[in-house]
Novice: 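One structure is given below, represented as structure tokens, and several questions about it will come after.
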2 protein chains.
Amino acid sequence: MDSLGDTIRKLREDKELPLRTVAAFLDIDQAILSKIERGQRKPTREQVVKLAEYFKVKENDLLVAWLSDKLVYEVEDEDMALKALQLAEEKVKYMAKNKGK
Amino acid sequence: MDSLGDTIRKLREDKELPLRTVAAFLDIDQAILSKIERGQRKPTREQVVKLAEYFKVKENDLLVAWLSDKLVYEVEDEDMALKALQLAEEKVKYMAKNKGK
DNA sequence: TATAAATTTGACAAATTATGTCAAAATACA
DNA sequence: TGTATTTTGACATAATTTGTCAAATTTATA
């Protein structure tokens, strides 16, 4: 089960690119990209979009991984994590069904 | 499908208490409690715990509602909301299974 | 080994978001 | 009406996020 950071690192290493290069494209210091890849920092939505473009992967796949990482971060060290996620799921489904109302 | 705000408002109105009173117990301005009840502000974890104590309801029930509200807030206006929630769920389950490793 | 490239670390700064106060406006109702 | 309650919005403060920078560490290779 890869985190988004793992995925990004693999994409970068497959192309044998240094942090410096990809970080320059994202317009951030390489230190941040290093931390992102190792899960010490969360990328912004914009950075994820840019990464998808850069590595030519589906934007949505990366965004789903990014969002789910944020959710996990939000519930971690809460023992009711699962219940909260499931309830949130119900709420989202409910809202989708009654969208706009 | 009640939000946490709805629940709190009902609890307060059942006891016919003004915002002022409950807000004083929480040690915040009544304006904030008003916004919390109507979903314009998110309460802090500590406030939720205090509310559970104040209204004599299960702390965990309120916390699950609070956490799930935060999750919904996090994914709202993302069309991959459901997918992200489901993936997050898998990750949490995976982490629980391999906890500590 | 040595030295150059790449990565990681941690202290700090800047920007953003969260949380709160306050007073005035709006609403409910005796 | 007048009084209590609630809501609104401008603003201040606190906390968190996002970033830079330089030094330390690790990795690769001449």
Side-chain angles (χ1 to χ4, degrees), chain A residues 2-52 54-55 62-63 65-78 84, chain B residues 2-52 54-55 62-63 65-78 84:
Chain A
D2 278 2
S3 68
L4 176 57
D6 297 329
T7 304
I8 295 170
R9 171 144 294 188
K10 283 177 182 170
L11 286 167
R12 182 175 63 80
E13 291 185 337
D14 279 354
K15 299 203 171 181
E16 297 185 358
L17 296 166
L19 288 169
R20 176 171 34 83
T21 306
V22 180
F25 180 78
L26 296 179
D27 197 30
I28 55 173
D29 193 279
Q30 61 176 20
I32 294 188
L33 184 53
S34 169
K35 286 167 185 170
I36 287 173
E37 289 187 347
R38 282 166 309 103
Q40 292 184 8
R41 287 280 181 104
K42 292 172 296 181
T44 66
R45 195 184 198 284
E46 290 64 39
Q47 287 162 354
V48 174
V49 170
K50 278 193 175 182
L51 286 167
Y54 190 83
F55 289 117
L62 237 46
L63 282 175
W66 167 74
L67 240 196
S68 68
D69 268 9
K70 287 211 304 177
L71 295 176
V72 170
Y73 177 82
E74 189 100 1
V75 301
E76 84 189 344
D77 58 56
E78 291 279 4
Chain B
D2 278 3
S3 68
L4 176 58
D6 296 329
T7 303
I8 295 170
R9 172 144 295 189
K10 282 177 183 170
L11 286 168
R12 184 175 62 81
E13 291 184 337
D14 280 353
K15 299 202 171 182
E16 298 186 357
L17 296 166
L19 287 169
R20 175 171 35 83
T21 306
V22 180
F25 179 78
L26 296 179
D27 197 31
I28 55 173
D29 194 280
Q30 60 175 22
I32 294 188
L33 183 55
S34 168
K35 287 166 184 169
I36 287 173
E37 289 187 347
R38 281 165 310 103
Q40 292 183 9
R41 286 282 180 103
K42 293 173 295 181
T44 66
R45 194 185 199 284
E46 289 63 39
Q47 287 162 353
V48 174
V49 169
K50 278 194 176 183
L51 285 166
Y54 190 82
F55 289 118
L62 238 45
L63 282 174
W66 167 75
L67 239 196
S68 68
D69 268 10
K70 287 211 303 177
L71 295 176
V72 170
Y73 177 81
E74 189 101 1
V75 301
E76 83 188 346
D77 57 56
E78 291 280 4

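Here is the naming used below: chain letters follow the sequence lines, and residue numbers restart at 1 for every chain.
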Novice: Please identify each residue that fulfils ring pair (Phe, Tyr, Trp, His ring centres under 6.0 Å) with B:Tyr54, with sequence neighbours left out.
Specialist: B:Phe25
Novice: Can you tell me how far P of C:dA6 sits from CZ of A:Arg38, to the nearest Å?
Specialist: 17 Å
Novice: Identify the heavy atoms of B:Leu33 and B:Ala23 that sit nearest to each other, and give their distance.
Specialist: CD2-N, 3.7 Å
Novice: Could you check how far CG of A:Asp27 sits from P of D:dT18, rounded to whole Å?
Specialist: 16 Å
Novice: Just wondering, more than 12 heavy atoms not from A:Asp14 lying within 6.0 Å of its CG?
Specialist: yes
Novice: Take B:Thr44 and A:Arg12, find for each the nucleotide of DNA chain C with the closest heavy atom, and name the residue whose nucleotide sits nearer the 5' end.
Specialist: A:Arg12
Novice: Identify which nucleotide among D:dG19, C:dG20, C:dT9 has an atom closest to any side-chain atom of B:Gln47, counting heavy atoms from C-beta outward.
Specialist: C:dG20
Novice: Would you say B:Trp66's side chain and B:Leu4's backbone share a donor-acceptor pair under 3.5 angstrom?
Specialist: no
Novice: What is the distance, rounded to the nearest whole Å, between atom CD of A:Glu13 and atom P of C:dT7?
Specialist: 8 Å
Novice: Roughly how far apart are A:Gln40 CD and A:Ile32 CD1, rounded to 0.5 Å?
Specialist: 12.0 Å
Novice: Identify whether any heavy atom of B:Gln40 sits under 4.0 Å from a base atom; if not, whether one sits that close to sugar-phosphate; answer base, sugar-phosphate or nothing.
Specialist: sugar-phosphate
Novice: With rounding to the nearest 0.5 Å, note down the distance linking CG in A:Leu11 to CG in A:Leu62.
Specialist: 7.0 Å
Novice: What is the distance, to the nearest angstrom, from the CG atom on B:Leu26 to the C1' atom on C:dT19?
Specialist: 13 Å
Novice: Tell me, please, which residues at least two apart from B:Lys10 pass side-chain contact (heavy atoms from CB on, under 4.5 Å).
Specialist: B:Asp2
Novice: Can you give one letter per nucleotide of nucleotides 13-18 of chain C, going 5' to 3': B for a protein heavy atom under 4.0 Å from the base, S for sugar-phosphate only, - for none?
Specialist: -----S
Novice: Check whether any side-chain nitrogen or oxygen of B:Ser34 sits under 4.0 Å from OP1 or OP2 of D:dT6, and answer yes or no.
Specialist: no
Novice: Hey, could you give me each pair passing side-chain hydrogen bond (donor to acceptor under 3.5 Å, both in side chains) that has a residue in residues 67-76 of chain A? Not counting sequence neighbours.
Specialist: A:Ser68-B:Lys91, A:Asp69-B:Lys91, A:Lys70-B:Glu74, A:Glu74-B:Lys70
Novice: Using whole Å, report how far CD1 of B:Ile32 lies from C1' of D:dA14.
Specialist: 12 Å
Novice: Measure CG/B:Leu33 against P/C:dT19 and give the value in whole Å, please.
Specialist: 15 Å
Novice: Assign a letter to each nucleotide of nucleotides 24-30 of chain D from its 5' end: B, base within under 4.0 Å of a protein heavy atom; S, sugar-phosphate only; -, no contact.
Specialist: -------
Novice: Atom CD1 of A:Ile28 and atom C1' of D:dC21: how far apart are they, to the nearest Å?
Specialist: 14 Å
Novice: Could you check B:Phe55 against B:Lys15 for side-chain contact (heavy atoms from CB on, under 4.5 Å), going step by step and ending with a plain yes or no?
Specialist: CA-CA 9 Å; B:Phe55 289 118; B:Lys15 299 202 171 182; 4.3 Å; yes
Novice: Could you give the angle between the helix axes at the two ends of the helix from C:dT1-D:dA30 to C:dA30-D:dT1, with five pairs per end, rounded to 10 degrees?
Specialist: 30°
Novice: Is there a donor and acceptor pair, one atom on the side chain of A:Lys35 and one on the base of D:dG19, closer than 3.5 Å?
Specialist: no
Novice: Using a 6.0 Å cut-off, check whether atom CD of B:Glu16 has over 12 heavy atoms from anything other than its own residue.
Specialist: no
Novice: Just to confirm, is there a sub-4.0 Å distance from OP1 or OP2 of C:dT8 to any side-chain nitrogen or oxygen of A:Arg41?
Specialist: no
Novice: Can you sort out which residues in residues 15-24 of chain A have a heavy atom within less than 4.0 Å of DNA chain C? Ascending by number, please.
Specialist: A:Pro18, A:Leu19, A:Arg20
Novice: My understanding is that only residues two or more places apart in sequence, or in another chain, count here; which of them pass side chain to side chain donor-acceptor pair (under 3.5 Å) with A:Ser3?
Specialist: A:Asp6
Novice: Tell me which pairs pass salt bridge (charged side-chain N to carboxylate O under 4.0 Å, His left out) where either residue lies in residues 29-41 of chain B, with sequence neighbours left out.
Specialist: B:Arg9-B:Glu37, B:Arg12-B:Glu37
Novice: For nucleotides 23-30 of chain C, give me every protein contact, N/O to N/O, under 3.5 Å, one pair per line with atom names.
Specialist:
none

Novice: Under the salt bridge (charged side-chain N to carboxylate O under 4.0 Å, His left out) test, which residues partner B:Arg45, sequence neighbours left out?
Specialist: A:Glu78
Novice: Find the distance between CD1 (A:Ile36) and CD1 (A:Ile8) and round it off to the nearest 0.5 Å.
Specialist: 6.5 Å
Novice: Can you measure from CG (A:Leu51) to CD (A:Glu46) and round to the nearest 0.5 angstrom?
Specialist: 11.5 Å
Novice: Among all residues two or more places apart in sequence or in another chain, which pass the side chain to side chain donor-acceptor pair (under 3.5 Å) test with B:Gln30?
Specialist: none
